[in-house]
2 protein chains.
Amino acid sequence: MKIIFIGAGNVATHLSLALQQAGHEILQVYSRTEVSASELALKLNVPFTNDFKQISDKAELYIYAVSDSAIADLASKSLADDALHVHTAGSVSVDVFEGKKQRYGVLYPMQTFSKNMTVRIAEIPFFVEGSELLVVDTLKSLTLTISNQCFELNSEQRTKIHLSAVFCCNFVNYLYHVAYQLVNENGLPFEVMIPLIEETANKIKNFNPWDAQTGPAKRNDIAVMEKHLNLLNSRPQLQQLYNQLSQMIVNEYLHKS
Amino acid sequence: MKIIFIGAGNVATHLSLALQQAGHEILQVYSRTEVSASELALKLNVPFTNDFKQISDKAELYIYAVSDSAIADLASKSLADDALHVHTAGSVSVDVFEGKKQRYGVLYPMQTFSKNMTVRIAEIPFFVEGSELLVVDTLKSLTLTISNQCFELNSEQRTKIHLSAVFCCNFVNYLYHVAYQLVNENGLPFEVMIPLIEETANKIKNFNPWDAQTGPAKRNDIAVMEKHLNLLNSRPQLQQLYNQLSQMIVNEYLHKS
């Protein structure tokens with residue numbers, strides 16, 4: 001397909017490179033920040049612009065890979081009425097395009113993208129939605145040229161999947177950050193935690209998380225939990241977080257196991 | 001070394017098998033539960049007992065790999081006064097042996113063990129402590145026959161490392177469990193989350209967690225956070241957890257970046 005990217009951030013970068021490699025033609029990159037636009041355009045060896053009016057109307061597909069709050073505004077601007085317009089956001093409804101474009105949809109790749117880190121895009125699950133059946137089919141076909149996993153979800157389901165991703169990516173990473181600080185205070189390198197972090201992530205390929213649970217809260221080991229809470233005395237917020245997570249685990253395992 | 005295991009759970013199983021494979025002689029396994037004792041003894045091809053008085057006094061090292069609350073009681077019982085006695089608990093002070101044994105210590109392997117899952121023990125960090133310098137040296141030498149990473153920590157430092165492990169293993173696994181439920185409610189298999197979980201764990205080998213953070217809370221994206229909180233309306237505890245973790249992330253990134 002002939003594709004133009006609106007946005008040049010992490011998602012746009014990984015997605016456009018994968019699509020180009022799969023044989024699709026990226027015609028142009030737009031970003032309101034010239035540096036970002038030119039950086040991605042250079043990687044793709046295509047033209048760029050930071051002037052919305054200069055975006056070519058020759059593409060079949062416009063992919064809005066921009067911050068959630070920017071989508072509505074960009075969608076309102078006049079651009080290529082006959083083309084298909086999609087955004088890549090987990091928690092923005094497909095309705096953001098309603099009344100503004102004729103054919104539109106969503107192409108949400110569920111992954112945590114960083115600019116300078118390679119990602120095996122073939123393993124990323126994509127979630128698609130369309131204003132009509134044909135759009136869904138088009139987006140499925142497109143996705144399957146770069147990934148092995150594509151699911152159709154409506155906007156509410158996609159928001160729920162995004163919420164799941166927040167729990168097991170964003171919040172998990174924050175817990176790594178908490179551990180990072182505690183380990184450093186002990187004068188140890190954070191690397192000592194890596195085997196445990198890897199094993200925890202690996203385990204759930206063979207067990208479901210319920211069966212994989214270990215630790216003082218699962219055992220309702222009050223003595224250990226009190227020691228840990230005491231160590232957090234100078235950090236009331238972390239103490240509260242420890243307490244809340246522990247209580248949730250205690251309650252689930254006391255009542256259900 | 002000639003070693004006897006007091007306890008036959010997950011830690012005892014993985015540790016005894018690794019030590020035996022490294023050439024140490026496991027003389028016997030004790031567990032108050034006969035089935036557990038015999039199960040592990042069978043794997044090691046050694047005798048077992050569920051009668052504490054029948055534990056041989058011929059070992060150089062007794063490893064108490066039992067639940068935290070059981071250590072003090074077992075340590076009080078008379079057994080092999082000349083030998084070295086160690087426990088494997090993250091958050092139990094070495095003082096649990098004080099006045100009960102002459103030479104004692106701690107050998108804490110930081111990993112999440114499940115009985116039927118192999119673990120690459122060579123990559124597990126061990127944290128040791130001893131009642132005297134010679135004990136520390138003995139435990140370091142012993143550990144380095146099965147693992148590449150051994151650190152000396154006092155009891156307070158070890159509790160802090162254990163606390164870090166609770167954050168990036170036990171609590172992380174609980175967040176996986178939360179996501180598991182949300183994904184299942186969407187009629188999707190939990191497997192769709194695996195690439196994201198793997199990438200999140202992988203990322204921190206190259207970035208520190210602070211730099212790896214992504215998501216709505218980092219961006220202080222109030223619209224998305226409100227959508228997510230609405231989806232959790234019927235689950236006040238999860239809603240509170242989402243809110244608390246998000247606020248902690250928002251605060252850190254607003255004030256420091």
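Order of the sequence lines fixes the chain letters, A, B, ..., with proteins taken first and strands second; residue numbering starts at 1 for each chain.
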Which portion of B:Tyr174 sits near chain A, non-hydrogen atoms under 4.5 angstrom
both
Identify which part of B:Gln111 has an atom lying under 4.5 Å from any heavy atom of chain A, answering side chain, backbone, both or neither.
both
At a 4.5 Å cut-off on heavy atoms, which part of A:Val183 comes close to chain B: side chain, backbone, both, or neither?
both
Flag for A:Asp221-B:Ser69: side-chain donor and acceptor within less than 3.5 Å:
no
From CA spacing to verdict: side chain to side chain contact (heavy atoms under 4.5 Å, CB included), B:Gln237, A:Asn251
CA-CA 11 Å; B:Gln237 274 202 310; A:Asn251 289 339; 4.3 Å; yes
Does a salt bridge link B:Glu191 with A:Lys205, judged by any charged N lying under 4.0 Å from a carboxylate O?
no
Is B:Gln247 close to chain A through its backbone or its side chain, or both, or neither, when contacts mean heavy atoms under 4.5 Å?
neither
Quick one: what part of B:Lys218 sits under 4.5 Å from any heavy atom of chain A, side chain, backbone, both or neither?
neither
Let me know if A:Gln157 has heavy atoms under 4.5 Å from chain B in its side chain, its backbone, both or neither.
both
Pair count under 4.5 Å, heavy atoms only, with chain A: among B:Gln149, B:Lys227, B:Lys203, highest is B:Lys203
B:Arg32, CZ atom: more than 12 neighbouring heavy atoms under 6.0 Å:
no
Could you state the interatomic distance from CE (A:Met110) to CG (B:Leu196), rounded to the nearest 0.5 Å?
5.5 Å
By a 4.5 Å heavy-atom criterion (distance strictly below it), what part of B:Ala201 contacts chain A: side chain, backbone, both, or neither?
both
Excluding sequence neighbours, so at least two apart, what forms salt bridge (charged side-chain N to carboxylate O under 4.0 Å, His left out) with A:Arg120?
A:Glu123
Which of parallel (below 30°), tilted (30 to 60°) and perpendicular (above 60°) describes A:Trp210 and B:His177?
tilted
I'd like to check B:Tyr180 versus A:Ile204 (side-chain heavy atoms, cut-off strictly below 4.5 Å). Are they in contact?
no
Heavy-atom check, side chain of A:Leu188 versus side chain of B:Leu153, under 4.5 Å:
yes
What do you reckon, is CD of A:Glu185 surrounded by more than 12 foreign heavy atoms closer than 6.0 Å?
yes
In terms of heavy-atom pairs under 4.5 Å, which option from B:Ala179, B:Pro195, B:Gly215 contacts chain A the most?
B:Pro195
Could you check which of B:Val166, B:Thr214, B:Ile161 has the highest count of heavy-atom pairs closer than 4.5 Å to chain A?
B:Thr214
Minimum heavy-atom distance B:Tyr176-A:Val172, with the two atoms named:
CE2-CG2, 4.0 Å
Using a cut-off of under 4.5 Å on heavy-atom pairs, state which of B:Gln240, B:Glu198, B:Gln213 scores highest against chain A.
B:Gln213
Does the side chain of A:Pro209 reach to within under 4.5 Å of the side chain of B:Phe190, using non-hydrogen atoms?
yes
What are the two closest non-hydrogen atoms of B:Leu241 and A:Met248, and how far apart are they?
CD2-SD, 4.0 Å
Under 4.5 Å from any heavy atom of chain A, what part of B:Leu163 do you find: side chain, backbone, both or neither?
both
Contact check, side chains of B:Ser164 and A:Met193, non-hydrogen atoms, under 4.5 Å:
yes
Give, as side chain, backbone, both or neither, the part of B:Leu232 having an atom under 4.5 angstrom from any heavy atom of chain A.
side chain
Rounding to 0.5 Å, atoms CG (B:Leu175) and SG (A:Cys169) come to a distance of 11.0 Å
Between B:Ser246 and chain A, with a heavy-atom cut-off of 4.5 Å, which part of the residue counts as in contact: side chain, backbone, both or neither?
both
Given heavy-atom pairs under 4.5 angstrom as the criterion, report whether the side chain, backbone, both or neither of B:Leu245 touches chain A.
both
Tell me, side chain or backbone of B:Tyr242 under 4.5 Å from chain A's heavy atoms, or both, or neither?
both
Answer with side chain, backbone, both or neither: which region of B:Gln244 has an atom nearer than 4.5 Å to a non-hydrogen atom of chain A?
side chain
When you check the side-chain N and O atoms of A:Ser91 and B:His228, is any donor under 3.5 Å from an acceptor?
yes
Could you grab the distance from atom NZ of A:Lys160 to atom CG of B:Leu231, nearest 0.5 Å is fine?
6.5 Å
With a 6.0 Å cut-off (strictly less than), is the heavy-atom count around CD of A:Glu156, excluding the residue itself, greater than 12?
no
Are the side chains of B:Arg219 and A:Asp68 in contact, using a 4.5 Å heavy-atom criterion?
yes
When rounded to the nearest 0.5 Å, the distance separating CG of A:Asn186 from OG1 of B:Thr159 is 9.5 Å
Of the backbone (N, CA, C, O) and the side chain (C-beta and beyond), which part of A:Ile194 lies under 4.5 Å from a heavy atom of chain B, both, or neither?
side chain
Part of B:Val192 within contact of chain A (heavy atom distance under 4.5 Å):
both
Counting heavy-atom pairs under 4.5 Å with chain A, which one of B:Asn206, B:Ile124, B:Asn208 comes out on top?
B:Asn208
Can a side-chain donor-acceptor contact be found between A:Thr112 and B:Thr200 if the only test is distance below 3.5 angstrom?
no
At a 4.5 Å cut-off on heavy atoms, which part of B:Phe171 comes close to chain A: side chain, backbone, both, or neither?
both
On a heavy-atom basis, the closest approach of A:His162 and B:Val224 is CE1-CG1, 3.9 Å
